[in-house]
Amino acid sequence: MSHALPIDLRLPLDRALTALLARRGAALGVPEELCAAQYSNKGSQFQCNGALAAARALKRAPRQLAEEWAASLSAEERALFSTLEVAGPGFINLSLSDEVLAARSALALADERLCVPRVASPERVYIDFGGYNVAKQLHIGHLRSTIIGDTLQRVLRFVGDEVVSDVHLGDWGTQMGMLIEAVREERPGLPYFEDAAPAGGFPAESPLSLADMNRLYPAASGRAKEDEAFRARASLATAELQRGHVGYRALWRHFVALSVAEVRHDIAPFGVEFDLWCGESDAQPLIPELVARLQAEGRAELSEGAWIVPIADERGEPMVPLMLLKRDGGATYHTSDLATVVMRVREGADRALYVVDARQEMHFRQVFAAAAQTSLGARARGGVLALEHVKFGTINGADGRPFKTRSGDTVKLRDVVEMAVEAARARLEEGGLLADADEETRASVAQAVAVAAIKFGDLSNHRASDYVLNLSDFCSFEGKTGPYLLYAAVRVKSILSKAAERGLAAGPVVLRGEHDRALALALSRLPGVVAQVHAKKTPHLLCEYLFELSQDWSAFYQHCNIVREEDEAQRAGWLSLAALCLKTLTTGLGLLGVEVPERM
RNA sequence: GCGCUUGUAGCUCAGUGGAUAGAGCAGUGGCCUUCUAAGCCAUUGGUCGCAGGUUCGACCCCUGCCAGGCGCGCCA
C-alpha cells in the first residue's frame, strides 16, 4: 500500500470514510451532515445510514439511493473494502480490506500520538478539582473529584489544550473559626489570641500537630451543632479572621500548612498533580471590587438587609437569587466563586471546569448565571469565559445511601486505598503469583493493582450518576476491572520481552483471521473515543473502550500464539500488532492515571 | 410547591434517532504437557417504569402520569 490511497489513513477511520462517502454523496444530492460513517457491530466494520435519512428530502426510495451511492465509488475507492453492500432498508455496510487496516496499524505504531489528532482550537482551561477542606480529613467523598479531575486534565493536555489545574482548597469557611475557638479553649495562653503580634513575631513552629488538629476539628464541629454560644464565638472568630486579625491569620496559616501536607500524603498513591494550590482565600481580595462593580452596574440589590443578585435561567424565568453579601456584611460561597470567575478571567482562561459533586448543581447554575448576566464573565479580548460544572454522583453503599463503614462513619480515603491494597495482596498470594519476587516487588505490584482497581472502578461509572460501591466486587479483580486491564497489558509486555529474548524481530503488520483483524480494528478506535471524552468530559467511555480492547487482545492472545508462530512474516506482523496494542493500552490507561507494572 | 436527576437482564451498569437493545457479575457447559487460566469459548436470562405523541424508524426527542434520589437566600 505504498501508493496514495483515496482516503487519509491518518484520520480517525470513521472520519476518513465519512469524507469519502460525502464526496460521492454530494453528487447524489445527499447533504454532507448525513454522510457519517460509524463503527458498527452489525456484522460489518462500519455503516452509513445516510440514505435512509436523505431519501425523504430527495424523494427517493432509500434502498435504491443507497445502492446508487455505493455503486458510485470509483474502482480505486472500492478496492479499499473487503465488503461494501447495502442491507435492509438502505444501510450501507463497509468493511476495510486487511491491507488497509494493516496500513493504518503501521501508521499508528509509527506515530507518537497513535494518530490521535490535536484539537483544532486549543483552549486555556482551568480545572478546579479535589475540593479538599482545611482541617477536614480526606474521605471517600473526595475520591471522585480527585480522579475524574485528574483524568480530565490528562485528556485535555493530550489533545492539546493548555490546562491549569487548581486544588481550590476550602480554607475560608466557618470551620476555620471553629478550629480557632477550639484551640483557644485548650491553649488560651498562646499568643495568637492577642490583638497584636508579640514583639518577636509569632513562632514559626506550629503550635499544634496534625494529630491535634484532626482531634480538635471533629470535636468542635460536633459541638457547634448543639452549642449555640460556641457557634456564635466561632462565627465571630471567622469574621475576625476574614477581617485580618493578625494572630488568627498566623494560626490559620499553620492550619493550612498542616492540611496541605496531609492532603499531599493522602493523594500520593493516586499520582495526582495540581499546578496551583490556591484556596478560596486567594479569591477574597477580589471581592470588595467585585461587589462595588455589581452595585455600580445596578446588578446587586438590597433585600432584607442583604445584597443579592437577581438572576434568570435560560428561558428567562427568575431563579433563586444569588446571595452576594449577608446581612452581617460577610461574603458567601457564591461571592467567593464569583471572585474565582473574575480571577480566571484575569488569568486569561477560555474555560473553567468545576469537578464538583452533583448536589452543588444549583449553586453553580446560580454562579454561572450571575457571571453570564453581569459583566463578570466577560474576557478582555472579547467573548465570555465558558463555565462548566463537571458534576459527579454519590458513591453509595449496598443500602443505596452514601457509603459508610459498618458503624456508620465516613470512610477515610487512605482506608479505601488500604483495603484495596490488602485485597490485591491477598489475591496475589492466593494465586501464588510473584512467588519468586522479593517483598518490595510484591508490595509495589499490590499497590499498582489496588490503585488501578480503584481508579478504573470509579471512572468506569458514568460520572453524573450515583453508583453502588460493592467492596467484594471491587476486590474480586474479575471482569470489567482495572486489574483485568493491567493483566492484559502485562501479558503483552511479557510476550514482547520473550520475543526480544529469542531475537524475534517485528515486521510489517499482516492480518490473517478474525482475531487479529478484530484487534486491529479495535486499535483504530482510540482517536474517536478520546475526542468524545474530551468533548463530553466522560471518562467512562475511555474505560469501556479499553476494556473492549483488552477483550479483543485476550481473544487474539488465546487463539494466536505469537512466539510459537512458524510463519516468520506472520509472527513479525503480529509482534508489531502486539506492540501497537501495548502502546494503546498504556496510553489509554495513562490518560486514566493508571500505570502498568512490568509483571503481576 | 419549585428545580435537577434516575428508572434498561436476578444484581451492578452501558447504550451517538437506525437493523435482532449490550457488558460485567451471578447461573449453566466446555478449554491449562502451548507466549501469565486475574484468561478464553459457548450458553441461559428483557413489557427498556406506565400511557400518549413526533418520525420511514424512538431506550434515545416531546407531553402527561407513577416511583426513587438530590437540591431549594444569609453553612460551605
Side-chain angles (χ1 to χ4, degrees), chain A residues 36 38-43 47 49 52-53 55-56 62 87-91 93 131 133 170 172-175 224 231 235 238 280 303-308 313 317 319-334 336-337 357-363 365-366 391 393-394 396 398 400-401 427-428 430-431 433 449 460-462 464-470 472-473 476-481 483-488 490-499 502 532 536 540-541 543-544 547-548 550-551 554-565 578 599-600:
Chain A
Q38 52 186 281
Y39 281 89
S40 171
N41 55 6
K42 294 289 190 289
Q47 65 173 314
N49 308 324
L52 283 82
R56 187 183 173 83
F91 302 104
N93 289 340
N133 291 300
W172 207 239
T174 317
Q175 77 267 26
R231 201 160 60 231
S235 173
T238 306
E280 287 175 302
S303 165
E304 296 171 43
W307 284 93
I308 60 164
D313 65 17
E317 300 291 323
M319 297 171 68
V320 176
L322 177 140
M323 175 67 56
L324 191 64
L325 293 180
K326 300 181 288 186
R327 263 201 296 271
D328 67 6
T332 70
Y333 74 123
H334 277 138
S336 189
D337 277 353
D357 193 310
R359 284 173 291 195
Q360 308 234 13
E361 184 163 20
M362 185 56 75
H363 165 71
R365 288 167 70 90
Q366 288 176 285
K391 63 180 177 178
T394 312
N396 288 330
R401 312 296 306 169
R427 182 65 187 82
L428 286 170
E430 176 196 324
L433 297 155
V449 169
S460 58
N461 287 287
H462 193 299
S465 44
D466 301 345
Y467 75 90
V468 173
L469 174 60
N470 182 325
S472 53
D473 283 357
S476 78
F477 299 151
E478 276 165 17
K480 195 188 289 185
T481 65
Y484 171 91
L485 270 80
L486 291 191
Y487 181 62
V490 164
R491 289 194 298 182
V492 190
K493 282 192 179 184
S494 176
I495 287 177
L496 292 177
S497 59
K498 186 148 292 185
R502 300 189 186 180
Q532 281 231 316
K536 293 159 70 177
H540 80 282
L541 296 176
C543 293
E544 192 68 27
F547 176 66
E548 287 168 8
S550 297
Q551 284 185 311
S554 291
F556 169 66
Y557 173 91
Q558 199 75 27
H559 294 96
C560 306
N561 191 308
I562 298 176
V563 171
R564 224 175 48 172
E565 173 62 37
R599 50 179 297 203
M600 62 187 279

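Since we're looking at a predicted model, the values are computed, not measured. Protein chains get the first letters and strands the later ones, always in sequence-line order, with residue 1 at the start of each.
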Compare the minimum distances between each of [options] and the side chain of [X], then state the nucleotide with the smallest one.
X        : options             : result
A:His462 : B:C4, B:U34, B:G15  : B:G15
A:Val468 : B:U5, B:C35, B:C13  : B:C13
A:Lys480 : B:G39, B:A23, B:A19 : B:A23
A:Lys498 : B:G39, B:G18, B:U36 : B:U36
A:Gln551 : B:C35, B:C13, B:G24 : B:G24
A:Arg365 : B:A37, B:A19, B:C4  : B:C4
A:His559 : B:U5, B:C40, B:A19  : B:C40

Complementary nucleotide of [N], counting Watson-Crick and G-U pairs under 3.5 Å:
N     : answer
B:C40 : B:G30
B:G64 : B:C50
B:A23 : B:U12
B:C72 : B:G1
B:C59 : none

Would you say the side-chain atoms of [X] pair up with the backbone N or O of [Y], donor to acceptor, closer than 3.5 Å?
X        : Y        : value
A:Gln175 : A:Asn133 : no
A:Arg231 : A:Ala224 : yes
A:Thr332 : A:His334 : yes
A:Glu544 : A:Ser460 : no
A:Ser550 : A:Ala488 : no

If we take the [atom1] atom in both [N] and [M], what is their distance in whole Å?
N     : M     : atom1 : answer
B:A42 : B:U54 : C1'   : 43 Å
B:U47 : B:C59 : C1'   : 13 Å
B:C41 : B:C70 : C1'   : 44 Å
B:C25 : B:U34 : C1'   : 30 Å
B:U12 : B:G7  : P     : 13 Å
B:G64 : B:A21 : P     : 30 Å
B:U33 : B:A26 : C1'   : 33 Å
B:C61 : B:A23 : C1'   : 26 Å

Could you check if the base of B:G71 is syn or anti? Syn means the glycosidic torsion is within 90 degrees of 0.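 That one's anti.
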Syn or anti for B:C32, with syn set at within 90° of 0? syn
Within the structure shown, what part of the strands sits under 4.0 Å from [X] by heavy-atom distance: base, sugar-phosphate, or nothing?
X        : answer
A:Asp337 : nothing
A:Ala87  : base
A:Lys391 : sugar-phosphate
A:Ala464 : nothing
A:Asn470 : nothing
A:Cys543 : nothing
A:Met600 : base

Given side chain to side chain contact (heavy atoms under 4.5 Å, CB included), test A:Phe556 with A:Ile562 step by step and report yes or no. CA-CA 10 Å; A:Phe556 169 66; A:Ile562 298 176; 3.9 Å; yes
Along RNA chain B (nearest heavy atom to each residue), the more 5'-positioned of A:Ser465 and A:Ser476: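 Here A:Ser465 is the residue nearer the 5' end.
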How do A:Phe477 and A:Phe91 order along RNA chain B: which one's closest nucleotide is nearer the 5' end?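 The residue closer to the strand's 5' end, by nearest nucleotide, is A:Phe91.
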Within this structure, what is the [atom1]-to-[atom2] distance between [X] and [N], rounded to whole angstrom?
X        : N     : atom1 : atom2 : answer
A:Arg599 : B:A38 : CZ    : P     : 14 Å
A:Asn461 : B:U6  : CG    : C1'   : 14 Å
A:Lys536 : B:A14 : NZ    : C1'   : 11 Å
A:Gln38  : B:A19 : CD    : C1'   : 11 Å
A:Glu544 : B:C13 : CD    : C1'   : 9 Å
A:Gln558 : B:C40 : CD    : P     : 7 Å
A:Phe547 : B:C25 : CZ    : C1'   : 11 Å
A:Leu541 : B:G22 : CG    : C1'   : 15 Å

Are any of A:Tyr557's side-chain N or O atoms less than 4.0 Å away from OP1 or OP2 of B:A37? yes
For B:A19, does either OP1 or OP2 sit under 4.0 Å from a side-chain N or O belonging to A:Lys42? yes
pair A:Leu433-A:Met600: side-chain heavy atoms closer than 4.5 Å: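 A:Leu433 does not reach A:Met600 side chain to side chain.
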Quick check: closest heavy atoms across A:Gly173 and A:Thr238, and the distance to 0.1 Å?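 Answer, listing the atom of A:Gly173 first, then A:Thr238: O-CG2, 3.7 Å.
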If I compare all heavy atoms of A:Tyr333 with all of A:Gln360, which pair ends up nearest, and what's the gap? CE1-OE1, 4.2 Å
Rounded at 0.5 Å granularity, tell me how far CZ in A:Arg327 sits from OG in A:Ser303.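 Here the interatomic distance stands at 9.5 Å.
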Mind checking the OG1-CG spacing from A:Thr394 to A:Leu469? Nearest 0.5 Å is all I need.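 It is 12.5 Å, given to the nearest 0.5 Å.
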Does A:Asn41 make a side-chain donor-acceptor contact with the base of B:A21, cut-off 3.5 Å? no
Starting at the 5' end of nucleotides 68-76 of chain B, put B wherever the base has a protein heavy atom under 4.0 Å, S where only the sugar-phosphate does, and a dash everywhere else. -SSSSBBSB
